[in-house]
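Convention: sequence-line order gives letters A, B, ...; per-chain numbering from 1. The figures here come from the full heavy-atom set of this structure, side chains too, leaving out hydrogens, waters and symmetry mates.
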Amino acid sequence: MTYQVLALTVKELKVLWRDREALVLLFAMPLFFIVVMSWALQGVYEAGTRDRPVRVLVVNRDRGDRAAEVLSDLKGLEGLLWVEAVEGNPLTLERAESLVRKGRFPLALHFQEGFSDAFQPAPPGPSPEETPAVLVADPGLNRPLLSSVRGSVLGAIQRRLWSARLGPLAAGLDPGGGEAGTGMLGVRLLSRFEDRRRPTAAEQHVPAYTIFGVFFIVLTLASGLLRERQEGTFRRILTAPMTRATLLVGKLVPYYLVNLVQIGLMFAVGVLLFGVRPGSVPALVVVSLALAASANGMGLLVAALGRTEAQVNGFSVLLAVALSALGGMMVPSFVMPPGLRLLSRFTPHAWALEGYHDAMIRGLGLRDVLPESAVLLGFAVLFFAFALWWFRFDR
Amino acid sequence: MTAAATPPAIALEALVKEYPGGTRAVREISMEILEGEFFGLLGPNGAGKTTSIHMLTGLSEPTSGEVRIQGVSMASRPLEAKSRLGFVPQEFAFYPSLSALDNLRFFGSLYGLRGERLERRVREALEISALGRRSRGPVSTFSNGMMRRLNVAVGLVHEPRVLILDEPTVGVDAQNRRALHETLERLNRQGVTVLYTTHQMEEAQRLCRRVAIMDRGRILHADTPEALVRRFGEGLVRVELKSPLPTEARERLARLDSVQGLDGSGRIWHLKAREPERAVQDVLALAGVREAGVLGLNILEPNLESVFIHVTGRRLRDPGEGAPAPLAEENG
């Protein structure tokens, strides 16, 4: 029996050794995850620390001194970096909002003109429409980080409010937990949706995990193509009066449709079970069509490159999961280090998520998602071009 | 149109296939298979049969030369040429998770069959393959013989006038092989041209009106089995020894007047002789052979197997004892 076990072991090692690409994937995949996820998740675990401060834009339009005092206190806090000028120019509200919209900064703190006046006891009358200070946030920002920054700013405002109202008596008192001053700071998400409505967890997760799932078609498509190639059905089909292009299109169309049904189903679940607002449906459709094209292109590319089942499975899972992580499906890209954030722009996932967020969370329309859709189609063209270069029906 | 004007069912003109790196799998073969013929292409593994089949079914492009199916060029009008062909590969090339019915419908539709015509042809193909009772179950539950029959049925579903079968009886038991032979003979009687590749000499001799012997990328001879046997298959003697023949004894054996050619190695040898009875006596009288110990000495029945040994210098199926040596030069 020992000899048989030994013989089997040796044979299996030889088989593995001869499929070196698959062997490399076995080692490369966990290594890749360790590197990418650790690097990407630095943002989650270390965002808001001294080493990785959260950069917040400041627009100070206060006629008095209170905003400057609050800001001075805030500057003493660890893990938050207050940016009052960009490229040497003081910030206007429009400029700050534009920078947040573009994703260059996650947050902006806007002190209104009457911020100092709000420190006086409120005269009887109607409440002002907007709070004296507003935290303007990207709706895609993760909630714990937003709450943390909001808490810090509110704490600083409350401290100054107590100090103004109680004078020296306030020294040493902790304003935390008190109700006073809570109306001084509001949060506004950059969306056409009504103010104060924040994206729900489902609105964050439905597009992200839909994209994650869409790219699993790579595994199904590539292994299907490999099987047909190995079992000789491609060869047999090609003896029929049809071109190779027809065969390939006929093979890809069902997977493309499966992707579209998959996307439709995921969004339907989001809408029906979790009340997700789809935003602009035409915009969603355009992004989805382009997304499915790029996923199918990647599937064909993997089928072209993989020569064994192990290789195809390894490549597919590596791409589906690793690119999802890199593209911001598991970790929002704004918490990634700048290098990784830049790298994420080279994944179709990041562009698809951006397109979906534009439509669903930022309330933008069809024209606004055209750039993301164009990039996704660009990925599709690139994948298809490489795949068709390498693909063989009978290898 | 007169019969003389009918183009051959398959015509290969100076067909060459050279792979990158310079390997020549097919070396300028030319032949014609006439309408209604049952033609056998014989050769051992690596002879170039499958490469030739791939070129004539349009699966791969020849490096040079031309393929015509019923006069239609595979190079310039591939879709029309392919529509006239039915192909049965050696491997089971269909979808095991689908039923026989679904497989036949799918492959039939690739040839443009629709509606009632498709259904009729599917029924006929199921009837031919005797799979009617199991037509709706997944093919993965079929026995090997049933799968083999379905493999053939898929090649027939579109009613081709030219049917190409690449070693269709590999791994098939005697009963299923006989059933397949009967089916092919019936189709051939109905006018279907059959090109059949095999390395089973017995079935080639039984089925084929003409055969071509292919080896190392070349067609060596093409004729009726009877003519080939008459020309090359007679006068072959098989010698089986107890122990391998020493080199010196082998040289003496080859020099015998009665021996025209010598093939073999180790304990098994084949002699080509004009007068086999005389060669048997000479061999028995040879000292080196007697010392090696004669287990058997037979004058082989003239058939395609002996033809193949003569024209290629080796047997079609893998020999039991190492690679055979080519036949020695004929002694005049």
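Between the side chains of B/Thr198 and B/Glu203, a donor-acceptor pair is found at a separation under 3.5 Å. Between the side chains of B/Thr6 and B/Glu35, not a single donor N or O lies within less than 3.5 Å of an accepting N or O. Looking only at atom types and distance, the side chain of B/Asn176 has no donor-acceptor partner in the side chain of B/Arg148 under 3.5 Å away.
Counting non-hydrogen atoms of neighbouring residues, nucleotides and ligands closer than 6.0 angstrom, the CD atom of B/Glu61 reaches no more than 12 such neighbours.
Taking the six-membered ring wherever Trp is involved, the centroid distance between the rings of A/Phe391 and A/Phe384 does not fall below 6.0 Å.
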> Yes or no on salt bridge (charged side-chain N to carboxylate O under 4.0 Å, His left out) for B/Glu167 and B/Lys49, after CA distance, side-chain angles and deciding distance?
Replying inline: CA-CA 10 Å; B/Glu167 312 239 6; B/Lys49 298 191 305 285; 3.2 Å; yes
>> Would A/Glu228 and A/Thr233 count as a side-chain hydrogen bond (donor to acceptor under 3.5 Å, both in side chains) here? Give the steps.
In response: CA-CA 5 Å; A/Glu228 295 237 30; A/Thr233 40; 2.8 Å; yes
> Passes side-chain hydrogen bond (donor to acceptor under 3.5 Å, both in side chains), A/Glu309 versus A/Ser223? Steps please.
Replying inline: CA-CA 7 Å; A/Glu309 206 176 332; A/Ser223 55; over 6 Å; no
>> Run the side-chain hydrogen bond (donor to acceptor under 3.5 Å, both in side chains) test on A/Thr210 and A/Tyr356 for me, step by step, so that the C-alpha distance in whole Å, both residues' side-chain angles and the decisive distance to 0.1 Å come before the verdict.
In response: CA-CA 10 Å; A/Thr210 297; A/Tyr356 281 141; over 6 Å; no
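Along residues 239-253 of chain A, the residues that come nearer than 4.5 angstrom to chain B, judged on non-hydrogen atoms, are A/Thr239, A/Ala240, A/Pro241, A/Met242, A/Thr243, A/Arg244 in order of number. At a heavy-atom separation below 4.5 angstrom, chain A is approached by no residue within residues 135-144 of chain B. For residues 63-92 of chain B, heavy-atom neighbours of chain A at less than 4.5 Å comprise B/Leu79, B/Lys82, B/Ser83, B/Phe87, B/Val88, B/Pro89, B/Glu91, B/Phe92, sorted by residue number.
Taking the six-membered ring where tryptophan is involved, the planes of A/His349 and A/Phe215 are essentially parallel, since the angle between them stays under 30° and well short of 60°. Taking the six-membered ring where tryptophan is involved, the planes of B/Phe107 and B/Tyr95 are essentially parallel, since the angle between them stays under 30° and well short of 60°.
Contact of B/His158 with chain A is not made at all, since no heavy-atom distance falls under 4.5 Å. Using a 4.5 Å cut-off between heavy atoms, B/Asn103 makes no contact with chain A at all.
Of the candidates B/Leu56, B/Asp166, B/Leu165, B/Val162, B/Leu56 is the only one forming a side-chain contact (heavy atoms from CB on, under 4.5 Å) with B/Leu195.
Residues in residues 257-270 of chain A take part in these side chain to side chain donor-acceptor pair (under 3.5 Å) pairs, two or more places apart or across chains: A/Asn259-A/Gln262, A/Asn259-A/Asn296.
In this structure, the side chains of B/Ser99 and B/Arg134 stay at 4.5 Å or more apart for every pair of heavy atoms.
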